[in-house]
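We name chains A, B, ... by the order of the sequence lines, and we start the count at 1 in each one. For the numbers below, each heavy atom of this structure counts, side chains included, while hydrogens, waters and symmetry mates do not.
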Amino acid sequence: MRISKLLGKTLREIPADADTVSHRLLVRAGLVNQLAAGVYSYLPLAWRVLKKIEDIVREEMDKAGGQEVSLPVLQPLEMWQSSGRHQALGKVLFTLYDRRERPLALGPTHEEVITQLVSRNVQSYRDLPLLPYQIQTKFRDEPRPRGGLVRAREFIMKDAYSFDIDEAGMDASYDGMVRAYQAIYDRCGLPTMLVEADSGAIGGKDSREFMLVTDSGEDEIIYCPDCKYAANAEKAASIKEKVDDSRPGPLEEVATPGMATIEEVAGFLKIPHNHTLKAVFYVADGHLVFVVIRGDLAVNEIKLNNLLRAADLRLATEAEVVAAGIVAGAASPVGLKGFKVIADDSVTSGANFVAGGNKPDMHLRNVNYSRDFAADTVADIALARAGDRCPRCGGRLASTRGIEVGHVFKLLTRYSEKFNASFIDEKGDSRPIVMGCYGLGISRLLSAVVEHHHDDKGIIWPVSVAPYQVYLCPLYREGSNVPEVAEKLYQELRAAGLEVLFDDREESPGVKFNDADLLGIPFRVTVSPRTLQKDSVELKKRSEKESELVPLTDIIGKIQAMVP
RNA sequence: CGGGGCGUAGCGCAGAUGGUUUAGCGCGCAGCGUUUGGGACGCUGAGGUCGGAGGUUCAAAUCCUCUCGCCCCGACCA
């Protein structure tokens, strides 16, 4: 490709509304163009990278037993209503109406469609297992698109679904996908971390995410440096060490004038935060929920909602709390009736807590779970934090950030039962198919690669996904034979099967070198009067600082040897 | 959805107390010439519904109302 004909220009100035490194570089190098919030055009260079990523994904999926399909983007809304996910997804689902006013959705994912399709094509255990997958544009009306391609509203995703006769089969399919994903990231030059995750609106168990560790990632990862434990902060657990196991003392009131927060109460009474109990109020689908947790911990709302299964969960407003007859700042479940109470299991990891007295300016000492109050549910609903004890080995947890580049789930029979996807087993009994699902963000991977492979001059593409392999950079000067030699070399490199971006512009060397660095093509070949004096060209790898002079007769073979 | 910010040339920005503004500057773009190993220089030139609609006024990029869009923080989110 001749740069003079390429659609897409490099920008000297940094776009004002790009915040992450990868987004800035993709815009500045002329790879993507924003059309609306979370909606982007891919220019030729980006499209070539996406196709290379797709090819890698296809190869690894096929190797793992997958078969490619293409499912409709346009789906009857009815399908989402019957699976119950219309509610769960809410406004994330893009909906529209056809000419007969029938509601349709733009596919955000395809569990419903694929399950329905497979149910019509599978009758016997002999038809299983199956592993269909597709690479397709998906639509999700995110509340807040951000980070360029990282969280877009229209994005390219590979989604795969496994169908097995039993859980053992599903586990094997799942393990195969994990291996395939690892191979994919490996080939794209991305080190990833496999972490435990919440399964969100998709549901299922053993949900795990592949994370590219980077400071600009939007997810927090809690991991243990001593063992293999790693989890998304949404899911992460930690050991809540017992802070006091003395015998329960007598319940007594203590005046706490003007003290409302844990900070104030603990400071006033000169006790550590973990000797207090904190009340937090939520509204779940319109109902007030009373949450109790040890004073030093914070509520993990995802864990909380996994218990409540509410379509809408939010913190209660102060007015709502007061209207319910609760004394804000001095609330506790002791002696209160008529509320749904959820307690974090930390309330049992200690004794003789200080908790609210349910009277203004009054707290209680020596509050003990079960003797003084009860909860409808006691479970782990706390946020795990760096510095906490690892739930596996007891080591100290650490935290980092990451971009989620893949997510695998075990769905079991949730969808197959809803859509009647069953088969007849060896004994002649009808059983639901056991499913798994596996998502991998293709367009997100494009950003992730740039996020991981760049320097202050620009992108540094790994050869495997680079839009072109060679950047042919002639430095023209009047009276030299550089143009002829460069033109001939361009033809020869291509004839040798190499992908070449030919900088045929009449620009100064500085402009060309800077653009070459920005675009990040792996091998730069410079042809100039200076190199031709020695019948050579200069070869420079984008990933290295030094360049070398290579005889014209050797250059093609030399590059071929470095390109897979 | 709550809080904040911003829409002026392809990109980055100035102009905002209404009137010497015929709306500028830098980059980029076009033509000519000089340059050519790390974002060269000179001259000439093209390019604008000042996001949109309505209003106030002798006069609006500038003031008022409404509206659309974009960005950031939070809520939310595979």
Closest to the [X] side chain, choosing from [options]:
X        : options             : answer
A:Pro143 : B:A75, B:G37, B:C1  : B:A75
A:Arg28  : B:C71, B:G38, B:G39 : B:G39
A:Phe513 : B:A78, B:G38, B:G39 : B:G38
A:Arg12  : B:G39, B:G37, B:A78 : B:G39

Considering every strand shown, what is the Watson-Crick or G-U wobble mate of [N] when both distances are under 3.5 Å?
N     : value
B:C66 : B:G52
B:A40 : B:U34
B:C76 : none
B:U17 : none
B:G45 : B:C29
B:A61 : none

Kindly state whether the pair A:Phe409 / B:A78 counts as stacked, where counting means centroids closer than 5.5 Å and planes tilted less than 30° apart.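 A:Phe409 vs B:A78: stacking no.
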Rounded to the nearest 0.5 Å, what's the gap from CG on A:Leu501 to CG on A:Leu6? Could you check?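 Reported value, rounded in 0.5 Å steps: 6.5 Å.
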Heavy atoms only: give me the nearest [X]-[Y] pair and the separation to one decimal.
X        : Y        : result
A:Leu446 : A:Ala46  : CD2-CB, 4.3 Å
A:Asp504 : A:Tyr476 : CA-OH, 3.7 Å
A:Ile293 : A:Ala382 : CD1-CB, 3.9 Å
A:Glu196 : A:Arg208 : CA-CG, 4.0 Å
A:Ser173 : A:Asp164 : OG-OD2, 2.6 Å

Indicate, with a heavy-atom threshold strictly under 4.0 Å, whether [X] touches base, sugar-phosphate, or nothing.
X        : result
A:Thr531 : base
A:Glu478 : nothing
A:Glu234 : nothing
A:Tyr438 : nothing
A:Val511 : base

Ring-face cation contact, A:Phe155 with A:Lys138, 6.0 Å cut, 45° max: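 No, A:Lys138 and A:Phe155 do not form such a contact.
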Between N or O atoms, less than 3.5 Å apart, protein on one side and nucleotides 8-13 of chain B on the other: list the pairs.
| unit_1 | atom_1 | unit_2 | atom_2 | d |
| --- | --- | --- | --- | --- |
| B:C11 | O2 | A:Glu13 | OE1 | 3.4 |

side-chain N/O A:Arg144 vs B:C72 OP1/OP2, d < 4.0 Å: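 Yes, such a contact exists.
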Contact under 4.0 Å: A:Arg314 side-chain N or O vs B:G2 OP1/OP2: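 Checking B:G2 against A:Arg314, no side-chain N or O comes under 4.0 Å of OP1 or OP2.
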List, with names and distances, any nitrogen or oxygen atoms from the protein found under 3.5 Å away from nitrogen or oxygen atoms belonging to nucleotides 46-52 of chain B.
none

Expected output is a numbered-order residue list: members of residues 500-509 of chain A with a heavy atom under 4.0 Å from any atom of RNA chain B. What is it?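 Result for residues 500-509 of chain A: A:Glu507, A:Ser508, A:Pro509, sorted by number.
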Between the side chains of [X] and [Y], is a donor N or O closer than 3.5 angstrom to an acceptor N or O?
X        : Y        : value
A:Glu154 : A:Tyr40  : no
A:Ser207 : A:Glu209 : no
A:Gln75  : A:Trp80  : yes
A:Glu78  : A:His86  : no
A:His454 : A:Glu451 : no

Using atom [atom1] of [X] as one end and atom [atom2] of [N] as the other, report the distance to the nearest whole Å.
X        : N     : atom1 : atom2 : result
A:Leu304 : B:A75 : CG    : C1'   : 15 Å
A:Glu538 : B:G37 : CD    : P     : 13 Å
A:Leu475 : B:G38 : CG    : C1'   : 10 Å
A:Leu313 : B:C76 : CG    : P     : 8 Å

Apply salt bridge (charged side-chain N to carboxylate O under 4.0 Å, His left out) to A:Glu538 and A:Arg524, showing your working. CA-CA 8 Å; A:Glu538 180 200 81; A:Arg524 188 184 78 191; 3.3 Å; yes
May I ask you to verify whether the side chain of A:Arg524 and the base of B:G37 hold a donor-acceptor pair under 3.5 Å?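 Such a pair does not exist between side chain and base.
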Pairwise 5' ranking along RNA chain B for A:Arg151 and A:Pro145, keeping only the more 5' one: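 The answer here is A:Pro145.
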For A:Glu142 and A:Ala36, take the nucleotide of RNA chain B holding the closest heavy atom to each; which residue's nucleotide lies nearer the 5' end?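 That would be A:Ala36.
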Are the aromatic rings of A:Phe290 and A:Phe281 close, with centres under 6.0 Å apart?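 Ring centroids of A:Phe290 and A:Phe281 are less than 6.0 Å from each other.
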